[in-house]
> 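The structure's right below; bear with me while I get my questions together.
Numbers for residues simply follow the sequence, beginning at 1. Quick caveat: nothing in here was measured; it's all calculated off a predicted structure.
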Amino acid sequence: MKRLILLSAILTATSFFSQTLKKVSYQDGSQKLNGLVTSNAGKKLPGVLILPAWKGIDDEAKTAAEDLKKQGYIAFIADVYGEGNIPTDNASAAKTAGFYKKDYAAYQKRISLALDQLKKKGAVSDKIAVIGYCFGGTGALESARGKLPVAGVISIHGSIGKDQSRPNETISTKILVENPAEDKSVTPEDYNNLVKEMNDGKADWQIITYANSKHTFTDPKSPDYNEVMAKRAWNHTLLFLKEILK
């Protein structure tokens, strides 16, 4: 019975998203990329680029896009990996995400291409932010490190570590990091290095740490889901976006 209920919920969500989010195909050289944009595309509105978690575009990213549309933003979900390269399990996700974490310039390029698509869909060029979940949270920070033209970035339970051979540079983008207190993938050293990086870069930054929360605490499908903290994190997301984009 539980499996039938879950299957029904998945089918309902799939049908809903297929009606409200429109596929957008674009290119990185010969690699085809398939993003999704909200149905208010074409209007002149602030825009939010969503970078999904390590298995590619998922329901959490899609739900965020729909919620952002309701708040008056055009939302575009980036396809970082490209057609034919979407991971099917944790092992392949770790390998593929690991490639882009190491080759951060390639990651920044895929983010930049997605930003171009968001602008083409009507987003006002000086009113754009990037939010990312998990691997996408890493990408949000890379958007700031790469000096991409965005007003602010939000890293949601992202991997915040950076290769320490990379120099700390000036960061003009506003930064919000939503960090689960019990995220085993984030070490005290990672945390302290990020704080130093932000201070060295004279960034406008904030880290909010959520108690009793493990890595994927915002995802309703995850065993780590913490409803109270997930709602708080989303409210913090909306508050930050309102400040920098409206």
> If I take atom NE2 from residue His215 and atom CG from residue Asp224, how far apart are they, to the nearest 0.5 angstrom?
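Nearest 0.5 Å value for the NE2-CG distance: 8.0 Å.
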> I need the minimum non-hydrogen distance between Pro180 and Ser213, along with the two atoms involved.
CB-O, 3.3 Å
> Same cluster for Val177 and Ile171 if Ile/Leu/Val/Met/Phe/Trp/Tyr side chains link at under 4.5 Å?
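Val177 clusters together with Ile171.
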> Measure the spacing between CG of Asn168 and CG of Asp200 and express it to the nearest 0.5 Å.
4.5 Å
> Rounded to the nearest 0.5 Å, how far does CD of Gln31 lie from CG of Leu33?
5.5 Å
> Is Cys134 close to His157 at the side-chain level, that is, under 4.5 Å between some pair of heavy atoms?
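Yes, their side chains come closer than 4.5 Å.
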> For Ser155 and Leu141, which heavy atoms make the closest approach, and how far apart are they?
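So the minimum-distance heavy-atom pair works out to CB-CG, 4.0 Å.
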> Determine whether Asn212 and Phe217 make a side-chain contact, defined as any pair of heavy atoms from C-beta on separated by less than 4.5 Å.
no
> Residues two or more places apart in sequence or in another chain: which of them pass salt bridge (charged side-chain N to carboxylate O under 4.0 Å, His left out) with Lys147?
none
> Rounded to the nearest 0.5 Å, how far apart are CG of Leu194 and CD1 of Ile207?
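Going from the CG atom of Leu194 to the CD1 atom of Ile207 covers 5.0 Å.
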> Would you say that Val124 contacts Leu245 through its side chain, given a criterion of any heavy-atom pair below 4.5 Å between the two side chains?
no
> Quick one: side chains of residues 125-133, donor-acceptor pairs under 3.5 Å with protein atoms, not counting sequence neighbours, listed by atom name and distance.
none

> Does any part of the side chain of Asn193, heavy atoms only, come nearer than 4.5 Å to the side chain of Ile160, both counted from C-beta?
no
> Quick check: are there more than 12 heavy atoms from other residues, nucleotides or ligands sitting under 6.0 Å from CD of Gln27?
yes
> Would you say that more than 12 heavy atoms from the other residues, nucleotides or ligands in this model lie under 6.0 Å from the NZ of Lys162, or not?
yes
> Starting from Tyr191, can I reach Val153 by hopping between I/L/V/M/F/W/Y residues whose side chains sit under 4.5 Å apart?
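In one cluster: yes.
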> Less than 4.5 Å apart, side chain to side chain, heavy atoms only: is that true for Lys242 and Leu239?
no
> So, the side chain of Asn192 versus the backbone of Pro188: is there a donor-acceptor pair under 3.5 Å, distance only?
yes
> Are Val150 and Trp205 connected in the hydrophobic side-chain network, where two residues link if heavy atoms are under 4.5 Å apart?
yes
> Not counting sequence neighbours, which residues clear side chain to side chain donor-acceptor pair (under 3.5 Å) with Glu243? List them please.
none
> Same cluster or not: are Tyr104 and Phe99 linked, directly or through other Ile, Leu, Val, Met, Phe, Trp or Tyr residues, by side-chain heavy atoms under 4.5 angstrom apart?
no
> Within this structure, what is the CG-OG distance for the pair Asp190 and Ser159, rounded to the nearest 0.5 Å?
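Taking CG in Asp190 and OG in Ser159, the distance rounds to 6.5 Å.
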> Applying ring pair (Phe, Tyr, Trp, His ring centres under 6.0 Å) as the test, list every pair that has at least one member in residues 220-246; sequence neighbours left out.
Tyr210-His236
> If the test is side-chain hydrogen bond (donor to acceptor under 3.5 Å, both in side chains), which one of Gln164, Arg166, Arg145 qualifies with Glu197?
Arg145
> Is there a donor-acceptor pair under 3.5 Å between the side chain of Thr63 and the backbone N or O of Glu60?
no
> How many angstroms lie between OG1 in Thr218 and CZ in Arg232, if you round to the nearest 0.5 Å?
15.0 Å
> Do Ile154 and Leu241 have side chains that get closer than 4.5 Å, going by heavy atoms?
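In contact.
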> Quick one: do Val186 and Ile208 end up in the same hydrophobic cluster if we chain Ile, Leu, Val, Met, Phe, Trp and Tyr together by side-chain heavy atoms under 4.5 Å apart?
no
> Applying side chain to side chain contact (heavy atoms under 4.5 Å, CB included) to Lys55 and Phe135, what does each step give before you reach the verdict?
CA-CA 9 Å; Lys55 287 186 179 178; Phe135 167 62; over 6 Å; no
> Identify the heavy atoms of Asn34 and Lys32 that sit nearest to each other, and give their distance.
OD1-CE, 3.4 Å
> Does the side chain of Glu66 reach to within under 4.5 Å of the side chain of Thr20, using non-hydrogen atoms?
yes
> Output a table of donor-acceptor pairs, distance under 3.5 Å, between side-chain atoms of residues 39-54 and any protein atom two or more places apart or on a different chain; print 'none' if there are none.
from  : atom 1 : to    : atom 2 : distance (Å)
Ser39 : OG     : Lys69 : NZ     : 3.1
Asn40 : OD1    : Thr38 : OG1    : 2.6
Asn40 : ND2    : Tyr73 : O      : 3.0

> Using a cut-off of 6.0 Å, state whether more than 12 heavy atoms not belonging to Lys174 lie near its atom NZ.
no
> Got a list of side-chain donor-acceptor pairs under 3.5 Å for residues 109-121, not counting sequence neighbours?
from   : atom 1 : to     : atom 2 : distance (Å)
Lys109 : NZ     : Asp28  : OD1    : 2.9
Arg110 : NE     : Asp28  : OD2    : 2.7
Arg110 : NH1    : Val80  : O      : 2.6
Arg110 : NH1    : Tyr81  : O      : 3.4
Arg110 : NH1    : Tyr100 : OH     : 3.1
Arg110 : NH2    : Asp28  : OD2    : 3.4

